[in-house]
Amino acid sequence: MPELPEVEVVRRGLAAGLRSRTIAAVEVLHPRPVRRHPTGPEGFALTLAGRTFTEPRRRGKFLWLPFADGDALLAHLGMSGQFRFNDASDPLAPNTRVLVDFLDGGPQLRFVDQRMFGGLSISVGGAELPAEVAHIGLDPFDPGFDVERAVSQILARRSGIKRVLLNQEVVSGIGNIYADEALWEARLHYDTPAQSLSRRRARALLVAASQVMEGALAVGGTSFDALYVNVNGASGYFDRSLHAYGREGQACRRCGRPIVREAFMNRSSYRCPGCQRAPRASSAQRSTRVTAL
DNA sequence: ACTATATCCTGTATGC
DNA sequence: TGCATACAGGATATAG
């Protein structure tokens, strides 16, 4: 699942392969990835021809590929989106959805996406910051990221801490894998009310999230299968460094107890039952008690 | 304004 | 072998 480190790996690959290149033609092979474009796949393809890419940018898991004319191609990888560079004569990978050819005749840019939760759209005037991304919070890799401000936002939420970590409007870039890893590092249960944390613990959690993701970026990201690869089709190696995610039944590397998997928010949460104890009472239980009194 | 949930989508793994 | 079901989980629309 591409989260912040994986999306940054992709951004860097795109930077190396797209800069100053001009689009000759675009072919949309499946309409779903361009569903947000108002004039449909044909309009999407036509409006892109002739545009010249500049430096790709990113906020959290959103990528945008600015054009020299001030607009941008906005991209989200969703669950399984990939950008790949291939010669036009190379066979198409399964689930290839969009093809971009360039005037220089060099490698094609291909958007491949099995589950199609992600997609491409055109952001008019979005070269600097697409309006579609304006509501997304800064990510921990952003030079403008303010830890104290993020701590304050976490403490203002009534939800469990993992819900808050996954909320891209508070801090962006964190998905299920790095949320579980950060919670393991910080020894926190996913249901701990965000409001109950001290500033110190909330800060430590954010630092842990940031450090885990930096470590993942350094080795090319986390890959479990062929659904996340860089623009050359290569996998990352961070799965070997995970402490919680995907380790059901395996010993906690801190205390030795088997990691458990629990259903949470329509997905799985992994935690150590020894190091990450459930909070004494959920906020819902407490408010019920207050009401009863 | 905040919070929680249903929904989208397809390949792979598993159970009967 | 075939068929059904569970699972992977991003962001968003919608309901409360």
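Residue numbering restarts at 1 for every chain, and letters A, B, ... go by the order of the sequence lines. In this text the structure is predicted, and so the values were computed from the model without any measurement.
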Side-chain N,O (A:Asn95) to OP1/OP2 (B:dG11) below 4.0 Å: yes
Determine whether more than 12 heavy atoms belonging to other residues, nucleotides or ligands lie under 6.0 Å from atom CZ of A:Arg254. yes
I'd like to know if the side chain of A:Arg35 and the backbone of A:Arg32 have a donor-acceptor N/O pair within less than 3.5 Å. yes
Rounded off to whole Å, could you give me the CG-to-C1' distance for the A:Asp180 and C:dA8 pair? 13 Å
Under 3.5 Å: donor-acceptor pair, side chain of A:Gln276, backbone of A:Cys272: yes
Cation over ring, A:Arg253 on A:Trp184, under 6.0 Å and within 45°? no
Measure the distance from CZ on A:Arg157 to P on B:dA1 and round it to the nearest whole Å. 12 Å
Can you say whether the rings of A:Phe111 and A:Phe83 are parallel (under 30°), tilted (30 to 60°) or perpendicular (over 60°)? tilted
Using atom NZ of A:Lys61 as one end and atom P of C:dG10 as the other, report the distance to the nearest whole Å. 5 Å
Only counting residues at least two apart or in another chain, list the ones meeting side-chain hydrogen bond (donor to acceptor under 3.5 Å, both in side chains) with A:Arg59. none
Just compare C:dA11, B:dT5, C:dA8 and give me whichever is closest to any side-chain atom of A:Arg163. B:dT5
What nitrogen or oxygen pairs link the protein and nucleotides 6-9 of chain B at under 3.5 Å?
| unit_1 | atom_1 | unit_2 | atom_2 | d |
| --- | --- | --- | --- | --- |
| B:dC8 | O3' | A:Arg32 | NH1 | 3.4 |
| B:dC9 | OP1 | A:Arg32 | NH1 | 3.2 |

Does atom CZ of A:Arg267 have more than 12 heavy-atom neighbours from other groups under 6.0 Å away? yes
Whole-Å distance, A:Lys162 NZ to B:dA4 P, equals 15 Å
Any protein N or O atoms within reach of nucleotides 12-16 of chain C? Criterion: under 3.5 Å, listing atom names and distances.
| unit_1 | atom_1 | unit_2 | atom_2 | d |
| --- | --- | --- | --- | --- |
| C:dT12 | OP2 | A:His135 | NE2 | 3.3 |

Counting distance only, does the side-chain N/O of A:Gln168 pair as donor-acceptor with the main-chain N or O of A:Gly173 below 3.5 Å? yes
Would you check if there is a donor-acceptor pair between the side chains of A:Glu6 and A:Tyr178 at a distance under 3.5 Å? yes
Distance check needed: C:dC7 P versus A:Asn176 CG, whole Å only. 14 Å
Could you check how far CD of A:Gln153 sits from P of B:dT3, rounded to whole Å? 11 Å
Give a yes/no answer on whether the side chain of A:Ser268 brings an N or O atom under 4.0 Å of OP1 or OP2 in C:dC7. no
Between atom CD in A:Glu3 and atom P in C:dA8, what is the gap in whole Å? 14 Å
Rounded to whole angstrom units, what separation is found between the CD atom of A:Gln168 and the C1' atom of C:dG10? 8 Å
Could you check whether A:Arg35 gets within reach of a base, just the sugar-phosphate, or nothing at all, counting any heavy atom under 4.0 Å? nothing
